[in-house]
Amino acid sequence: MPELPEVETTRRHIAPYLINNEIKDVLIYKGAERLAISHTASEMIRELVGRRITNLERHGKYLLFLLDDNRTWVVHLRMTGALIISKPISPKQKYERARIILDNDNVLLFDDMRKFGTWHIVKNIIDAMPKIGPDAYSSEFTVQWLLEKLSQRKIPVKSALLDQKIVAGIGNIYADEACFDAGINPNRSSNDLSLHKVKLLHGSILSVLDLALGNGGTTFSNYRDGYGRAGNNSINAKVFRREGFECSRCDGTIVKIKLGGRGTHYCPSCQK
DNA sequence: ACTATGCCCTGGGTGC
DNA sequence: TGCACCCAGGGCATAG
């Protein structure tokens with residue numbers, strides 16, 4: 001599932017093919033019209049065609065395509081979405097839901113098996129990402145911010161990491177990995193962590209994201225980068241989908257539980 | 001104000 | 001082999 005490192009990897013791959021190029025045509029295939037949230041699919045096509053992409057940014061898991069009319073095309077890949085640069089004559093892919101044709105003759109494929117991905121076109125990006133918190137890589141995401149937000153809530157730490165109002169960009173994989181790295185039981189109440197533990201957790205969040213980004217993201221099943229390739233970071237997972245295996249830090253065994261409706265992996269021996 | 005649950009969607013896995 | 005069922009989960013709507 002694309003989280004911050006995967007979305008950032010995609011952004012870096014596709015940006016050079018898009019910036020300063022004009023959108024010549026857009027196809028949204030039959031059955032995929034629901035991806036268009038702020039407009040109907042046909043309206044969205046009309047709004048995009050003829051626009052030049054001036055920059056490509058990211059906030060959390062959202063990709064922000066800045067357009068030359070000062071609006072922003074906001075894309076969220078959700079669970080199985082991918083944006084892949086391709087050649088103009090490439091045949092339609094099995095799960096290709098939309099296709100953007102550029103005036104440099106490259107095409108951008110929007111591939112999304114489960115059709116959860118969303119598109120908005122907005123004047124103010126807040127309309128596409130209401131109440132979103134600071135990006136995990138931004139200067140606003142400090143230990144102090146994390147401490148304040150965790151202390152205001154009484155939810156499991158892992159659930160807090162998944163809450164994009166607290167910090168934007170973490171999904172199920174890196175929430176589990178960050179809790180492991182910090183030695184925190186994901187079920188611990190968020191308002192129950194010492195300053196020392198919050199400092200550890202903040203550092204762990206950044207280090208697991210950095211490691212994943214350095215390896216081009218994590219692919220367990222569906223994630224593909226801007227060239228359609230799998231990421232290389234799954235070998236670095238210490239707990240995610242490792243239930244039944246020995247812990248890499250102690251003699252415990254990784255377990256899998258359900259927490260907030262999400263599969264959650266941790267070591268009961270060394271995560272307290 | 002808060003937290004918890006169901007929904008969207010499709011493929012892969014499991015059990016009978 | 002086939003078929004029914006469950007699971008995967010990001011963000012939103014709704015319920016309590």
Side-chain angles (χ1 to χ4, degrees), chain A residues 1-8 10 28-38 41 58-64 74-83 92-98 110-120 122 125-136 148-179 186-192 209 212 217-224 230-231 234 237 239-244 255-266:
Chain A
M1 54 229 82
E3 309 179 26
L4 187 154
E6 292 76 29
V7 178
E8 177 62 16
T10 295
I28 297 175
Y29 298 106
K30 200 164 175 54
E33 297 89 347
R34 288 182 62 130
L35 66 83
I37 305 297
S38 62
R58 181 191 56 74
H59 188 110
K61 305 170 198 170
Y62 291 87
L63 277 167
L64 312 173
V74 182
V75 175
H76 198 299
L77 302 172
R78 297 289 185 111
M79 318 291 293
T80 58
L83 285 165
K92 181 173 177 289
Q93 303 296 300
K94 187 171 180 189
Y95 302 117
E96 183 180 329
R97 306 306 184 194
F110 182 75
D111 196 273
D112 186 12
M113 183 181 83
R114 288 172 70 181
K115 300 200 260 193
F116 281 174
T118 58
W119 294 9
H120 291 76
V122 291
I125 56 173
I126 200 69
D127 294 332
M129 333 184 277
K131 298 177 188 169
I132 194 128
D135 184 84
E148 185 186 324
K149 292 296 159 188
L150 292 179
S151 66
Q152 290 168 351
R153 308 287 295 276
K154 265 166 69 176
I155 52 175
V157 174
K158 193 236 172 125
S159 303
L161 297 185
L162 291 176
D163 185 342
Q164 306 296 299
K165 297 191 286 299
I166 295 177
V167 54
I170 302 172
N172 210 36
I173 297 173
Y174 303 115
D176 282 1
E177 294 298 320
C179 286
N187 211 10
R188 276 276 291 279
S189 182
S190 60
N191 65 350
D192 189 37
L209 294 178
T218 303
T219 297
F220 275 100
S221 46
N222 292 290
Y223 169 67
R224 293 294 180 273
S234 58
V239 288
F240 191 80
R241 300 214 179 150
R242 293 194 54 76
E243 62 270 28
V255 299
K256 182 178 182 183
I257 62 166
K258 203 104 178 167
L259 203 164
R262 300 289 177 250
T264 297
H265 314 72
Y266 72 107

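Values below: every heavy atom of this structure, side chains too, minus hydrogens, waters and symmetry copies.
- Around NZ of Lys92(A), the count of heavy atoms belonging to other residues, nucleotides or ligands within 6.0 Å exceeds 12.
- Relative to the side chain of Lys258(A), the nucleotides dG11(C), dA8(C), dT10(B) differ in distance, and dA8(C) lies closest.
- When the side-chain nitrogen and oxygen atoms of Gln164(A) are compared with OP1 and OP2 of dG11(C), one or more of them lie within a distance under 4.0 Å.
- Between the side chain of Ser159(A) and the main chain of Gly260(A), no donor-acceptor pair closer than 3.5 Å is present.
- A donor-acceptor contact shorter than 3.5 Å is absent between the side chain of Asn191(A) and the backbone of Gln152(A).
- Within the 3.5 Å criterion, the main-chain N or O of Asp111(A) finds no donor-acceptor partner in the side chain of Gln93(A).
- Among the atoms of the strands shown, only primed sugar atoms or phosphate atoms (P, OP1, OP2) are found under 4.0 Å from some heavy atom of Met1(A).
- Rounded to whole angstrom, the span from the CE atom of Met79(A) across to the C1' atom of dG12(B) amounts to 14 Å.
- Of the candidate nucleotides dG11(B), dA8(C), dT10(B), dG11(B) has the atom lying nearest to any side-chain atom of Lys94(A).
- The residue Phe220(A) sits apart from the nucleic acid: no heavy atom pair falls under 4.0 Å.
- Between the CG atom of Asn222(A) and the C1' atom of dA8(C) there is a distance of 9 Å, given to the nearest Å.
- For dG10(C), its base never sits under 3.5 Å from the side chain of Arg114(A) at any donor and acceptor pair.
- For the OP1/OP2 pair of dG11(B) and a distance below 4.0 Å, the side-chain nitrogens and oxygens of Tyr95(A) include at least one atom meeting the criterion.
- Counting non-hydrogen atoms under 4.0 angstrom, Lys256(A) reaches the backbone sugars and phosphates but no base.
- The phosphate of dG11(C) has OP1 or OP2 within less than 4.0 Å of a side-chain N or O from Lys61(A).
- Taking atom CD1 of residue Ile37(A) and atom C1' of nucleotide dC7(B), one finds them 14 Å apart after rounding to whole Å.
- In this structure a side-chain-to-backbone donor-acceptor pair under 3.5 Å is present from Gln164(A) to Leu162(A).
- Here the side chain of Arg34(A) is nearest to one of dG11(B), dT3(B), dC8(B), namely dC8(B).
- At whole-Å resolution of the value, CZ in Arg262(A) and P in dC7(C) are 13 Å apart.
- Set against dT3(B), dT10(B), dC12(C), the side chain of Arg153(A) has dT3(B) as its closest nucleotide.
- When distances are taken from the side chain of Lys115(A) to each of dG11(C), dC12(C), dC9(B), the shortest belongs to dC9(B).
- Note: CD1 (Ile155(A)) to P (dT3(B)) measures 6 Å, nearest angstrom.
- Here the C1' atom of nucleotide dG10(C) and the CD1 atom of Ile132(A) are 11 Å apart, to the nearest Å.
- DNA chain B is contacted by both Gln152(A) and Arg97(A); Gln152(A) maps to the nucleotide lying nearer its 5′ end (nearest heavy atom per residue).
- Between the CG atom of Asn172(A) and the C1' atom of dC7(C) there is a distance of 13 Å, given to the nearest Å.
- Rounded to a whole Å, the CD1 atom of Ile166(A) is 15 Å from the C1' atom of dG11(C).
- Using a distance-only test at 3.5 Å, with no hydrogens or angles considered, no donor-acceptor pair links the side chain of Asp176(A) to the main chain of Val239(A).
- Note on Gly260(A): nothing from the nucleic acid sits closer than 4.0 angstrom, heavy atoms only.
- Applying the 4.0 Å criterion to OP1 and OP2 of dG11(C), one finds that His76(A) has a side-chain N or O inside that range.
- Among the protein residues, Phe240(A) comes within range of the sugar-phosphate backbone only, with heavy atoms under 4.0 Å from sugar or phosphate atoms but none that close to a base.
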